[in-house]
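Order of appearance sets the numbers: ligands from 1, and atoms from 1 within every ligand.
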Amino acid sequence: MGARKVSQATAASGVETLRWRDGRLELIDQRLLPGRVEYVACASAQETAAAIRDMVVRGAPAIGCAAAYGIALEALRLADAPAAEFSEGMARAHDALAASRPTAVNLFWALARLRKTLEAAGREPPPAIAARLLDEARRMHREDVEANRAMGAHGAALLADGARVLTHCNAGALATAGHGTALGVIRSAHAAGKRVSVIVNETRPFLQGARLTAWELTRDGIPVTLITDGTSGHLMSRGEIDAVIVGADRVAGNGDVANKIGTYMVAVLAHRHRIPFYVAAPLSTIDRAIASGDAIPIEERGAAEVRGHGGVEWAPAGVAVRNPAFDVTPAALVTALVTERGVMPAPDRPKIDALFKSVGRDS
Ligand code: MRU
């Protein structure tokens, strides 16, 4: 990809997943963590789309924020172009970002919001439009952190003092603009003085659990134990897990949840062992246009991710591989959905519709 490496320093405290510096979008390179903390800079929508596709930045809300900045970057880049060229460039930017990854609905939600801003700007000169788009991207960045903090405050009440909490993948600060969704709930419970400990699945094949969640929690001083993806059933059967909490890439209108591959397996196991299974996701992850999980597009990634990792191949060359990056957990297995508006036990279509109505969003 065309983005440039900009710094190699270890971040002092907290995790800045995305930041706006000197007119460019800087992204912590999540492919390198936890070994190296490096930022790459994107100067165009194409570079941002490549960073999303290559998983420099990942996690549904972080992808949405990156895409919003990607649109703003393109507008700034084309600000001196004639109006027709500017609007053609903006359409191309939108298409490139929309094609980067298919499952996280936050990407499409962010693009729709920026398109609305663009349309509202009408015939203003391109530099003014670019300024508006950057403002909107910044607003979305701030709003995501606020939503995560609200989700954390609501969800923390679900975790008892001493709870041993299983999570899958990374739904932390790295997957969002800050604080995290599922990890945000755990962080807020920890901050409230609850002695929570976390068990994290390594999350094959990209290892978001082993590399990213374990890193974030260790930095925060929250006790964390790493397990292989096949271990959680054994621990549940021995009474060693009290609750499960995960994030989501897209929640269908009926409450079905698409999340990182392996989540469904964990939900079935939790149900078998009568362990609560919680999903933390902002309203921007709920897609009411999709009736059920069957219609959620599931990204299939390349075979190389499964045949090996980090340049080491352990499978026979050319062996057939399936690599769906997400699966769908039916709403019936979800004990509660935590959003920035509160805790929704047993999510379903009427409750989700009522939630959107209560925030004045009917469509
Ligand atoms: O492929 P990824 O790493 O982008 O998948 C991320 C997840 O599945 C997360 O659980 C989800 O996006 C929620 S992030 C708050």
Structural part of [X] in contact with ligand 1, heavy atom criterion under 4.0 angstrom:
X: His168; result: neither
X: Ala62; result: neither
X: Phe326; result: side chain

Just wondering, are more than 12 heavy atoms of other shown residues or ligands nearer than 6.0 Å to [atom1] in [X]?
X: Tyr264; atom1: OH; value: no
X: His273; atom1: NE2; value: yes
X: Asp95; atom1: CG; value: yes

Mind telling me whether His141 and Tyr69 have parallel, tilted or perpendicular rings, with 30° and 60° as the class edges? perpendicular
So does [X] pair up with [Y], basic N to acidic O under 4.0 Å?
X: Asp22; Y: Arg24; value: no
X: Glu136; Y: Arg113; value: yes
X: Arg92; Y: Glu74; value: no

Identify, for [atom], the protein heavy atom at the shortest distance, and state residue, atom and that distance.
atom: atom 6 (C) of ligand 1; result: Arg58 NH2, 3.5 Å
atom: atom 5 (O) of ligand 1; result: Lys260 CE, 3.3 Å
atom: atom 8 (O) of ligand 1; result: Asp249 OD1, 2.8 Å

Mark up the atoms of ligand 1 that fall under 4.0 Å of a heavy atom belonging to [X], in ascending order.
X: Ala60; result: 12 (O), 14 (S)
X: Met55; result: 1 (O), 3 (O)
X: Arg101; result: 1 (O), 2 (P), 4 (O)
X: Pro61; result: 14 (S), 15 (C)
X: Asn259; result: 7 (C), 8 (O), 9 (C), 10 (O), 11 (C)
X: Ala248; result: 11 (C), 12 (O), 13 (C)
X: Ala175; result: 14 (S), 15 (C)
X: Gln208; result: 1 (O), 2 (P), 3 (O)

[X] N/O to ligand 1 N/O under 3.5 Å:
X: Ile63; result: no
X: Cys169; result: no
X: Thr181; result: no
X: Thr176; result: no

Measuring from non-hydrogen atoms of [X] to any atom of ligand 1, is the shortest distance under 4.0 Å?
X: Ala325; value: no
X: Gln30; value: no
X: Asn170; value: yes
X: Ala104; value: no

Less than 6.0 angstrom from the centroid, inside 45 degrees of the normal: does Arg219 satisfy that with respect to the ring of Trp215? yes
Distance under 6.0 Å and angle within 45° of the ring axis: does Arg19 meet both against Tyr39? yes
Would you say the side-chain atoms of Arg211 and Asn170 include a donor-acceptor pair closer than 3.5 Å? no
Side chains of Asn106 and Ser284: any donor to acceptor distance under 3.5 Å? yes
Evaluate side-chain contact (heavy atoms from CB on, under 4.5 Å) for Lys260 paired with Phe326, printing each intermediate quantity in order. CA-CA 4 Å; Lys260 179 52 54 194; Phe326 302 95; 3.9 Å; yes
Has Lys351 got a side-chain atom pairing as donor or acceptor with Met344's backbone, closer than 3.5 angstrom? no
